[in-house]
Protein chains: 2
Amino acid sequence: MAHHSEIACLSKATIFKNLPLPLKKKLVTISSHQDFFPKGSFIRQPLDGKDGMIFLDSGHAKVYTLNTAGKETVLEVLNKGDSTGQENLFSTGNHENFIQATEDCLVCSMKRHDFQMMLKDSPDLALSLLNDFGERLITAEKNTVRRNSMNAKERVLDYLKDHGKKLGKTSFNLPLQKKDLANFLGLTPETLSRQLNALQASGQIIVKGQFISLN
Amino acid sequence: MAHHSEIACLSKATIFKNLPLPLKKKLVTISSHQDFFPKGSFIRQPLDGKDGMIFLDSGHAKVYTLNTAGKETVLEVLNKGDSTGQENLFSTGNHENFIQATEDCLVCSMKRHDFQMMLKDSPDLALSLLNDFGERLITAEKNTVRRNSMNAKERVLDYLKDHGKKLGKTSFNLPLQKKDLANFLGLTPETLSRQLNALQASGQIIVKGQFISLN
DNA sequence: TAATTGAATTGATTTAAATCAAGAAGGGAA
DNA sequence: TTCCCTTCTTGATTTAAATCAATTCAATTA
């Protein structure tokens, strides 16, 4: 929880990128910076007593819940620059989701109390955050449509294209294990494996382990 | 777009219910009130040039998208007191969703421009809205979990219990046609029909047309 | 009132994806 | 390096839900 004096991870976060410099500097003073989470470790979990939002300076993470039967549902895939848990800046309830590093991560975070203090005299900040919430809702809706109106092959291809677009690349490594990606797409690992094969066979992608290339 | 002088629909909306009275009064002055939408009509649709958020003073509505193949995905079920489209208070992009009255509706709405003016000097308002966004995200996640980790029967029962809880009742009329509810749950109408039968046969609910009673 | 139209239901059948099963590949730890 | 454990892949089989098909029902309107 070192407090840097210079503009760090926060200013790189998509969510705050349009804020004026003085405000960014203030945000940095109330943030923790570049906490290290090794692959597999939990950035957040239910009942950990932590509040506020987090964002990824580097690495990848997955957000998921467990239902009462222990079945996992992957809700979000976090890539470098993404943030999540904004809802914890306001509600006083405990968060219910697990956030687990799927690669070594550097994470910045902001506490509810500190954030709320700042919010009172920064309409810009509120607006920025409201915009970001809007984006997250739209993404959530997009994921719902993907699961609801596409078959297995279409879902896989749609995700890959979407991810490539987000990165601005046509080749990349998957940000999650395939079993987690399968879950995120509402599929089983077996089905994902077969669909990746099929997409490669039809010349639409190249797959080598975690590496994907779009054609 | 009549401008009432008294506190009307807006003050009843869940999203604003915790705001101080003077602020509510100001909100009323920038809202349209109780516009009537007959069953089947569109409250919003892509390219209608409308912006801002809406909320339901009475009636029911569904929010849905059409994919390029024309397949519908029902994203939200709106009941009395619910609001949607908050994301349109900020982004300048066009909204992509259809909002259609599934019963006769009275609708209030607020325009982006008017709202943003108010937001600048009302931190309370921003906070209220941010809270609401958080709720909507959590609901969206809950819907994802329902679709991802439950079979057809569980989804139906979970929805019915959820809806009953929301209303504080054990008997109610479904807020949508069954074909739309089926879509919202990621099912076909045939499957919904059969599952409602099965739930009735096992004594868990009573079904009479749109009327549902939970046991 | 009857006619029309879409919604809902019921039954028969198909099918996409899940499940089951077994081996191969990969990544740590000792 | 070997061992262990999890993930990934491939094949065979099952199954839950979709699809197809045909009535029935309900709402609207002429």
Side-chain angles (χ1 to χ4, degrees), chain A residues 38-41 60 62 64 69-74 100-104 146-159 173-202 205-212, chain B residues 38-41 60 62 64 69-74 100-104 146-160 173-201 205-212:
Chain A
K39 180 174 177 174
S41 65
H60 293 292
K62 63 168 174 167
Y64 68 95
K71 185 166 163 32
E72 185 175 320
T73 297
V74 178
Q100 187 175 21
T102 55
E103 298 296 338
D104 288 356
R146 176 155 55 210
R147 290 191 194 210
N148 200 59
S149 72
M150 295 182 190
N151 65 25
K153 185 178 289 183
E154 291 166 339
R155 281 183 232 179
V156 174
L157 190 56
D158 182 68
Y159 173 83
N173 285 306
L174 292 173
L176 293 85
Q177 289 181 316
K178 287 178 184 169
K179 76 179 175 67
D180 291 325
L181 177 57
N183 185 297
F184 179 67
L185 298 175
L187 304 171
T188 58
E190 293 95 323
T191 297
L192 174 61
S193 177
R194 286 185 250 265
Q195 295 304 333
L196 286 172
N197 280 349
L199 286 167
Q200 183 163 44
S202 64
I205 62 172
I206 295 167
V207 190
K208 280 196 190 101
Q210 294 293 106
F211 177 81
I212 302 287
Chain B
K39 180 174 177 175
S41 64
H60 294 293
K62 63 168 174 168
Y64 68 94
K71 186 166 161 33
E72 185 176 320
T73 297
V74 178
Q100 187 175 22
T102 55
E103 299 294 338
D104 288 356
R146 175 155 55 211
R147 290 190 194 211
N148 201 56
S149 72
M150 295 182 189
N151 65 26
K153 186 179 288 183
E154 291 166 339
R155 281 183 231 178
V156 174
L157 190 57
D158 183 68
Y159 173 81
L160 295 177
N173 285 307
L174 292 173
L176 294 84
Q177 290 180 317
K178 288 178 183 170
K179 76 181 175 68
D180 290 326
L181 177 57
N183 185 296
F184 179 67
L185 297 175
L187 304 171
T188 57
E190 294 95 324
T191 298
L192 175 59
S193 177
R194 285 185 249 265
Q195 294 303 334
L196 286 172
N197 280 350
L199 287 167
Q200 184 163 43
I205 62 172
I206 296 166
V207 190
K208 283 198 188 96
Q210 294 293 106
F211 177 80
I212 302 286

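Chain letters run A, B, ... following the sequence lines, proteins first, then strands; residues in each count from 1. Values below: every heavy atom of this structure, side chains too, minus hydrogens, waters and symmetry copies.
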Evaluation steps, side chain to side chain contact (heavy atoms under 4.5 Å, CB included), between A/Leu185 and A/Arg147: CA-CA 7 Å; A/Leu185 298 175; A/Arg147 290 191 194 210; over 6 Å; no

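- At whole-Å resolution of the value, CG in B/Asn183 and P in C/dG6 are 18 Å apart.
- Note on A/Gly186: only backbone sugar-phosphate atoms sit closer than 4.0 angstrom, heavy atoms only; bases stay farther off.
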Sugar-phosphate or base contact per nucleotide [nucleotides 22-30 of chain C; S, B, -; heavy atom under 4.0 Å]: ---------

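- Between B/Lys178 and the phosphate of C/dA8, there is no side-chain N or O to OP1/OP2 separation shorter than 4.0 Å.
- When DNA chain D is scanned 5' to 3' for any atom under 4.0 Å from a heavy atom of chain A, the first and last hits are D/dT7 to D/dA12.
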May I have the step-by-step check of side chain to side chain contact (heavy atoms under 4.5 Å, CB included) for B/Leu196 and B/Leu160, ending in yes or no? CA-CA 10 Å; B/Leu196 286 172; B/Leu160 295 177; 4.1 Å; yes

Give the C-alpha distance, both sets of side-chain angles, the deciding distance and a yes or no for side chain to side chain contact (heavy atoms under 4.5 Å, CB included) between B/Ile205 and B/Leu157. CA-CA 9 Å; B/Ile205 62 172; B/Leu157 190 57; 4.2 Å; yes

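- Scanning residues 189-200 of chain A for heavy-atom distances under 4.0 Å to DNA chain C yields A/Glu190, A/Thr191, A/Arg194.
- In this structure B/Glu72 satisfies the side chain to side chain contact (heavy atoms under 4.5 Å, CB included) test together with B/Lys62, B/Tyr64, B/Leu66, B/Val74, B/Asp180, B/Asn183, sequence neighbours excluded.
- For A/Lys39, the side chain to side chain contact (heavy atoms under 4.5 Å, CB included) partners two or more places apart in sequence, or in a different chain, are A/Glu103, A/Asp104.
- Put simply, the residue from B/Arg155, B/Lys179, B/Arg146 that forms a side chain to side chain contact (heavy atoms under 4.5 Å, CB included) with B/Phe184 is B/Arg146.
- A/Ser149 approaches B/Lys71 most closely through the heavy-atom pair CA-CE, 3.8 Å.
- Under the rule for a side chain to side chain contact (heavy atoms under 4.5 Å, CB included), the partners of B/Pro175 that lie at least two apart in sequence or sit in another chain are B/His60, B/Val77, B/Asn79, B/Tyr159, B/His163.
- Annotation: side chain of B/Gln177 is not in contact with side chain of B/Thr102 (no heavy-atom distance under 4.5 Å).
- Between A/Leu187 and A/Ala152, the shortest heavy-atom distance links the atoms CD2-CB, 3.9 Å.
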